[in-house]
Structure formats: C-alpha cells, structure tokens
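So the structure is just underneath, and the comments pick up after that.
None of the values given here were measured: they were computed from a predicted structure. In this chain, residues are counted from 1 in sequence order. Both ligands and their constituent atoms are indexed starting at 1 by order of listing.
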Amino acid sequence: LIYFLLLIQKARNLFGENIKRKPVKNYNGEYFIKEIIPTFQGEGPFTGYPAIFVRLGGCNLACKFCDTEFEDFKKISQEKLVEEIKEKAQNKRKLIVITGGEPLRQHIGPLCAELISLGFNVQIETNGLIYQELPSQVFIVCSPKANSRGVYSKTHPLLVSKIGAYKFLISKFHKGYDAVPDLSDKNISAQIYVQPMDEYDEQKNAINKKLTLEIAEKKGYNLCLQTHKIWGIY
Ligand code: SF4
C-alpha cells in the first residue's frame, strides 16, 4: 500500500501537477538535488556525448506535458556534489549537464565554475525565465515554454545573448506548440533545434514528427529527437 501511495504521489508531481517553485534566494554552498546520473546526452547540440546528468529539484513552471520527476529532492553541499560527480564521471565523461526542473532557480554559478576548473564541460538546460550569472564557458540550451493560453513566456533579457542553442518542442496537441515563435527581431545567433513532443501515443507522436519536419524544412532549423528513448537509457 505504501508503495502504491508513493507511486500516486510521484505521478502527482508530473504532467503539470508539481508545485511552482520560486528562485532560491541565498546561496549557502548547498543545492537541492534530485539525482546525479551517468548516461549519454540524448538531445540537442551534444547528442550522444557521454555525460553526467545533475538534475536539480523544483521548477518555476508546471507544464502539462512535463514527464520529468524533479520534486523528490534533497540538499547536498557543493563539496559532496562535486565529489559524487567526479566519482561517477570516472575520467570518461567530460560533459556535465545541469538540468531540472529549472536549474537557474538555484545559484549554480559557483558549481559551474568549480566543474570548469576541474576540466569538465558544462551544459545547462533552462526554460529561460530566470537569470543567474554563470561562467562564460557554460553552454546554455534554452527551451522556451508557452503558457496555458499558448503564449510563449519571454526569455529573460539578460540571458538572451548568452544562449548557445534554442530547443523548441513541437506539438499539434498543446496550445502554442504547433509553431516556433517569431525570432526575427531578436538578432539571435544561437542554433535553433525543433523537437517533436512525446505524447506517449504513437499516432500523436507521428503527427508531431511530421509537423516538426515541416517546420525544420520551412525555417531551416535543426531537427532533434529524444535519442535516449530510442537507446532505452535515462
Ligand atoms: S519548464 Fe521543463 S521541467 Fe519545468 S515543468 Fe516545464 S517541461 Fe517540466
């Protein structure tokens, strides 16, 4: 019964049922961490790279299609976190992907700086609404999200020039996601990827894939798939 109740609780934290969490105010050398996983980057510009995923707890949004569990987190000091990353990287994983939830909810600048000083490459994945000062070497992938009315939230103005790649999810079944917002006035030099949203439904996924292909073809954007699901890894 307890296991069943835990499963229900876990399910409640997904698909738009998570608590919307505010940015963490003060940095005290600790982070809210959901998990630290050695794997391969499955999507975006570093697809296929051996990586350590550091999933931070909590998000400032609650997207209806979100299939990531990030609420069951615990506090870990930066020292312990870096030790665990080094141990799991075993000198063969050079890329650290800091994701969430929303990683910029927390003061990850010092963590990124330490990882870079140790010779790691650092990539973060953000929805783009919160700004944090980060070392210039951090590669920022921004995946903007639309609200329930289908209007895209504005990327934080201080973040825009630092974004290395945008990743837009494409779906016929979620308001706002059937097209990429107009970026022509933004003087963007970042790479732009379009990725079909996973609806956990074969027919819907086929429709999303077709639409993604059409958009990529029309706009000259890069195609992107969640290859970790094809490989059957995290
Ligand atoms: S921004 Fe990303 S992590 Fe946060 S709820 Fe939306 S899809 Fe999930």
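Taking the side chain as every heavy atom from C-beta outward, Phe46 and Phe139 approach each other to under 4.5 Å.
Which parts of ligand 1 touch Phe70 is read off a 4.0 Å heavy-atom cut-off, strictly below it: atoms 3 (S), 8 (Fe).
Within a radius of less than 2.8 Å around atom 6 (Fe) of ligand 1, the protein N, O or S atoms are Cys63 SG.
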| request: Walk me through it: do Lys218 and Glu214 pass the test salt bridge (charged side-chain N to carboxylate O under 4.0 Å, His left out)? | output: CA-CA 6 Å; Lys218 192 167 152 198; Glu214 283 166 15; over 6 Å; no
| Could you walk me through whether Lys80 and Glu84 pass the salt bridge (charged side-chain N to carboxylate O under 4.0 Å, His left out) check? | CA-CA 6 Å; Lys80 277 204 175 140; Glu84 200 173 329; over 6 Å; no
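The residues Arg21 and Glu71 are annotated as salt-bridged, a charged nitrogen and a carboxylate oxygen being separated by less than 4.0 angstrom. Remark: Asp72 does not engage Arg55 in a salt bridge, criterion side-chain N to carboxylate O under 4.0 Å.
Inspection of the Asn127 and Glu102 side chains reveals an N or O donor paired with an N or O acceptor under 3.5 Å.
The nearest non-hydrogen atom to atom 3 (S) of ligand 1, considering only Gly58, Ser153, Ser143, Gly101, comes from Gly101.
Within the model, atoms CD1 of Ile108 and CD of Gln78 stand 10.5 Å from one another, a figure rounded to the nearest 0.5 Å.
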